[in-house]
Number of protein chains: 2
Amino acid sequence: MIKIDKSLINNEVLHALSIKSKKVTFQRNEIVAEAGKTCNYIFFVRKGLLRSFYYDRKGKDVTNWFASEEMIITAAQSFFKREPSFLGIEAIEDTVVRAISYEQLEEMFQEYHSLERFGRLVMTEIMMAVGKKAIYLQVKSAEERYHELIKTYPDIFYRAKLGHIAGYLGITQQSLSRIRANTT
Amino acid sequence: MIKIDKSLINNEVLHALSIKSKKVTFQRNEIVAEAGKTCNYIFFVRKGLLRSFYYDRKGKDVTNWFASEEMIITAAQSFFKREPSFLGIEAIEDTVVRAISYEQLEEMFQEYHSLERFGRLVMTEIMMAVGKKAIYLQVKSAEERYHELIKTYPDIFYRAKLGHIAGYLGITQQSLSRIRANTT
DNA sequence: TTTAACATTTCACCTATGTTAAAAAACAGA
DNA sequence: TCTGTTTTTTAACATAGGTGAAATGTTAAA
């Protein structure tokens, strides 16, 4: 759930980005990046909804992150460290993205100092978003986490499955169902 | 718990950093950055141990992060976004740091493209460390989180108070004491 | 329109962690 | 070394959320 603030990039770089990136479409339920393989792309979502996910020790599917219109998503650790990913990414809806490969992005970082800066600022945004999630998991109840999620990202309620949302919140789908029943 | 890999910076920039930064010492229990105020410095720890912390809704002190030798710490959201901090930072031991102000760091980012790049890489490391913490809180039991912490950062066991560690793990100090009793 | 697959809710019971309070242990200053 | 303070442990009880299973609801293909 990281929105990109394009006003931080100048037009020249924005143009270069649009040339280097390619448009890709995915169908609902299609795998966008496979767990176990190195993730070579960062995706800018134009239309649709994606989630990254992994399997916990007991084999349960856990949603790690969502991304919809104007947001970015990748398997960050794999993409930036060039190693196999423990995260998979899938399209939850029919989705259109623009994808930039690691090599292309690296080239552009070399070429445009201002993009390197933008990259640092985006990474700072991501870090704070992830940090906020950690703090919520650290001190808020499941119910509070749920209400906060729906408040800041209302359409997730209609667009994602209960089990996906529950996994993201770190609870079971039964617990989330119970929370909904208690508070609606 | 973010170690800095200095091999990613060239000597010229490293030298400039050491000139622009200043050495500061703090006594055990001294406040290094106050919650409610904008945090103007990023700290590179030379000696000692620090923690960042906040108060949850019920007023309970919760440790957010630790930093010891060769690590960095700041109130990231405040420092990078230039806004009042919800985090405080305190020295847990007598501590020596090198501090760089936001203005100085900004100047240096403008001057050295390679530092901007380094900043992006460091931010990526931080993001992944925070992401790992979030995942642990999402799917691991308190006991697993405790053992992982002690495994990856053994001296925290001797150097930090039980209550600080418990807060970091997202549990009460009584629960952590119980976990220790069960497994020692 | 029926049926099969999938998603959500409900329920009874269980367990990890929280809460409150007190005892024990460790530590720091005189 | 003694003493007051802080930290850690222990214990009894409370509760949020997990588990497994079944019931109900929804969707979409045939």
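Numbers restart at 1 for each chain; the letters A, B, ... are given by sequence-line order, proteins then strands.
- Closest to the side chain of R28(B), from the set dA28(C), dG17(D), dG18(C), is dA28(C).
- Few gaps surround NE2 on H147(A); more than 12 heavy atoms of other groups in view lie less than 6.0 Å from it.
- Taking atom CZ of residue R180(B) and atom P of nucleotide dA25(C), one finds them 16 Å apart after rounding to whole Å.
- At least one donor-acceptor pair closer than 3.5 Å links the side chain of S21(A) to the backbone N or O of L17(A).
- Because its NZ or CZ atom is both nearer than 6.0 Å to the ring centre of Y168(A) and within 45° of the ring axis, K133(A) counts as a cation-pi partner of that residue.
- Rounded to a whole Å, the CD1 atom of I171(A) is 16 Å from the P atom of dT17(C).
- For E148(B) and Y153(B), the side-chain atoms include no donor-acceptor pair closer than 3.5 Å.
- End-to-end axis angle of the helix from dT1(C)-dA30(D) to dA30(C)-dT1(D), from C1' rotation axes over five pairs per end: 40° (rounded to 10 degrees).
- Mapping L176(A) and S177(B) onto DNA chain D by nearest heavy atom places S177(B) closer to the 5' end of the strand.
- With rounding to whole Å, Q173(A) atom CD is found 14 Å from dG20(D) atom P.
- Of the candidates dT20(C), dT9(D), dT10(C), dT20(C) carries the atom nearest the Q174(B) side chain, counting heavy atoms from C-beta on.
- Under the ring pair (Phe, Tyr, Trp, His ring centres under 6.0 Å) criterion, the residue pairs touching residues 93-132 of chain B are H113(A)-H113(B), F79(B)-Y102(B), with sequence neighbours excluded.
- Comparing dT8(C), dG17(D), dT10(D) by their nearest atom to the side chain of S175(A) picks out dG17(D).
- Ranked by how close their nearest DNA chain C nucleotide is to the 5' end, R178(B) and L162(A) are led by L162(A).
- Between the CG atom of L169(B) and the P atom of dT17(C) there is a distance of 11 Å, given to the nearest Å.
- Taking atom NZ on K161(A) and atom P on dA5(C), their separation rounds to 16 Å, with Å as the unit.
- If you take CG of N182(A) and P of dG17(D), they are 10 Å apart, rounded to a whole angstrom.
- Between Q174(A) and S177(A), the side chains place no donor N or O within less than 3.5 Å of an acceptor N or O (distance only, hydrogens not considered).
- Nearest nucleotide to the side chain of S141(A), out of dG17(D), dT19(D), dT9(C): dG17(D).
- Of the candidate nucleotides dG18(C), dT9(D), dG17(D), dG17(D) has the atom lying nearest to any side-chain atom of A142(A).
- In this structure, K140(A) forms a cation-pi arrangement with Y136(A), its terminal cationic atom sitting closer than 6.0 Å to the ring centre and no more than 45° off the ring axis.
- The separation between E93(B) atom CD and dA28(C) atom P is 12 Å, rounded to whole Å.
- Within the nucleic acid shown, K58(B) comes within 4.0 Å of sugar-phosphate atoms alone, with no base atom in reach, counting heavy atoms only.
- Rounded to whole Å, the distance from CD on E143(A) to P on dG17(D) is 8 Å.
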